[in-house]
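What follows is a short report on a single structure.
All values reported here derive from a predicted model rather than from experimental measurement.
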Amino acid sequence: MPALLITHPSFVNHDTGPGHPERPDRMRAIDKALAHEMFDDLRREEAPLREDVEEWITRAHPQRYLDAIKAARPAEGEDPVRLDPDTVLSSGSWEPALRAVGAGLLAVDEVMNPQSGIRKVFCQVRPCGHHAEKERAMGFCIFNNVAIAAIYAREKYGAERVAVVDFDVHHGNGTQDIFWSDKDLFFGSTHQMPLYPGTGAERERGVGNIFNAPLRPNDGGEAFREAMRSRILPALYNFSPDLVLISAGFDAHEADPLANLRLREDDYAWVTDELCEAAEKSAKGRVVSMLEGGYDLTALAKSVAVHVKLLMDAA
């Protein structure tokens, strides 16, 4: 079966301003990497601008939050608005934000439809989403793309248990916030502590559905793999999800400027393989991966390439 890439040219129009690490060049670096002939068999579709996208956003965020973001949008030619010190809403951001959510919805449509022939999807999107809490934009994130996709899979397709595994270097506080009281939504995260946003301690457990495995500054692949093996993967297997979603942040790479972990491309290949294997056990191999962080362009491109290649090989 082929794997699927979902992205869109409009993602470069989300203008975060000079010097911002979450910049349009991230998309261009990934585009260049995925243009290699080894990805010729990767199916590609454009992230849609769906009529129902706002309806599904309000399954994870309240209507008043969506309305507030819409009201904050600057008109064309106006200066960008800062939703928080790090999170920018420019005149070109609205369409990418909706298409980023739409990518997750389309990805779920594809993997949950047995006639599609698709079981593995990578969503190359921006703005990223895992820091967006129910009613708070933060950490470069406006809407929580992966949480919305999880809720969509459950409500549209009857997936009883949906898991999100997050290996971004920063804790996915937004996904944890949205999932906190829902025993049928699993959140497992490896991340550096102490580090922004300051959440992600092991004691944060929700209703027994939250599994955090914090890592220390300068930890490398060995510590990362041990955290996955000892805490995240056993909990994931025990949860027995119907769908595995990945918050795929690549800023734990040793070259990344925003943190201090020491992961390499082979670590991302390893964890991708492990999560695909877990999906085979209970989720019919269904995996949707959504891009989060990763700010060194070379490291990001190489890491995404190995991640997507493993998804293709596991498809």
Side-chain angles (χ1 to χ4, degrees), residues 2-14 22 24 26-31 33-34 39 42-61 66 69 92-113 116-132 137 140-157 159 162-166 168 172 174-175 178 243-250 272 286-294 300 304 307-308 311-312 315:
L4 174 64
L5 170 70
I6 300 176
T7 190
H8 195 272
S10 73
F11 290 135
V12 301
N13 297 334
H14 172 49
E22 205 294 278
R26 299 177 68 233
M27 296 291 99
R28 299 182 181 105
I30 295 172
D31 287 343
L34 298 185
F39 299 105
L42 180 64
R43 272 188 50 185
R44 299 165 190 256
E45 293 189 30
E46 290 196 338
L49 195 59
R50 293 170 51 135
E51 292 184 0
D52 62 349
V53 66
E54 292 189 18
E55 172 190 347
W56 288 106
I57 288 171
T58 60
R59 296 296 211 281
H61 304 281
L66 175 61
I69 298 297
S93 297
W94 185 244
E95 180 183 344
L98 296 185
R99 288 192 189 273
V101 174
L105 303 183
L106 175 58
V108 170
D109 287 338
E110 293 284 4
V111 299
M112 298 302 291
N113 175 10
S116 74
I118 298 292
R119 298 193 307 165
K120 305 291 190 297
V121 184
F122 179 67
C123 299
Q124 177 196 333
V125 301
R126 61 186 294 271
C128 40
H130 73 150
H131 290 310
F140 315 157
C141 303
I142 299 170
F143 301 124
N144 197 308
N145 309 315
V146 76
I148 296 165
I151 293 167
Y152 178 73
R154 185 167 64 178
E155 296 190 12
K156 180 71 179 286
Y157 292 100
V162 183
V164 172
V165 177
D166 186 332
D168 191 280
T175 311
I178 293 165
L243 171 64
V244 174
L245 299 168
I246 303 173
S247 270
F250 299 97
T272 305
R286 296 181 293 222
V287 175
V288 172
S289 176
M290 303 200 73
L291 180 65
E292 302 286 0
L300 173 65
V304 168
H307 178 65
V308 172
L311 292 175
M312 293 172 66

Original post:
Would a 4.5 Å heavy-atom cut-off, applied to side chains only, mark Arg44 and Phe39 as touching?
Top reply: yes
Subject >> Nearest-0.5 Å distance, CZ of residue Arg126 to CG of residue Asn145 >> reply: 12.0 Å
Subject >> Flag side-chain contact, heavy atom, 4.5 Å: Val146 against Ile148 >> reply: no
Subject >> Validation row: Cys128, Leu291 side chains within 4.5 angstrom (heavy atoms) >> reply: no
Original post:
What residues form a side chain to side chain donor-acceptor pair (under 3.5 Å) with Trp56, not counting sequence neighbours?
Top reply: Asp52
**OP:** Any chance you could measure Glu45, atom CD, to Cys123, atom SG, to the nearest 0.5 Å?
**Re:** 10.5 Å
Subject >> Polar side-chain atom of Ser247 near backbone of Asp166 as donor-acceptor pair, under 3.5 Å >> reply: no
Original post:
Within a strict 4.5 Å, meaning less than it, do heavy atoms of the Glu22 and His14 side chains meet?
Top reply: yes
**OP:** Check side chain to side chain donor-acceptor pair (under 3.5 Å) between Arg119 and all other residues, then give those that pass, not counting sequence neighbours.
**Re:** Glu280
Subject >> Close side-chain approach of Pro9 to Glu46, heavy-atom, < 4.5 Å >> reply: yes
Subject >> Partner set under salt bridge (Lys or Arg N to Asp or Glu O under 4.0 Å) for Arg59, not counting sequence neighbours >> reply: Glu55, Glu155
Original post:
Measuring from Arg43:CZ to Ile6:CD1, what's the distance to the nearest 0.5 Å?
Top reply: 9.5 Å
Subject >> Sequence-distant partners of Phe122, ring pair (Phe, Tyr, Trp, His ring centres under 6.0 Å), two or more places apart >> reply: His307
**OP:** Report yes if the side chains of Leu105 and Lys156 come closer than 4.5 Å at any heavy-atom pair, otherwise no.
**Re:** no
Original post:
How many angstroms lie between CG in Leu311 and OG1 in Thr272, if you round to the nearest 0.5 Å?
Top reply: 6.0 Å
**OP:** Look at the side chain of Arg286 and the backbone N and O of Leu243, then say whether any donor-acceptor pair between them is shorter than 3.5 Å.
**Re:** no
Original post:
If we only count heavy atoms from C-beta on, is the Ser289 to Lys120 side-chain gap below 4.5 Å?
Top reply: no
Original post:
Any side-chain heavy-atom pair from Arg28 and Val12 closer than 4.5 angstrom?
Top reply: yes
Subject >> Residues that His61 engages under side chain to side chain donor-acceptor pair (under 3.5 Å), provided they are two or more places apart >> reply: none
Subject >> Positive for side-chain contact (heavy atoms from CB on, under 4.5 Å) with Val121, one of Val111, Leu106, Val287 >> reply: Val111
Subject >> By side chain to side chain donor-acceptor pair (under 3.5 Å) - contacts of Asp109 (at least two apart) >> reply: Arg50, Tyr152, Tyr157
Original post:
For Gly293, does its backbone N or O pair with a side-chain atom of Asp168 as donor and acceptor, under 3.5 Å?
Top reply: yes
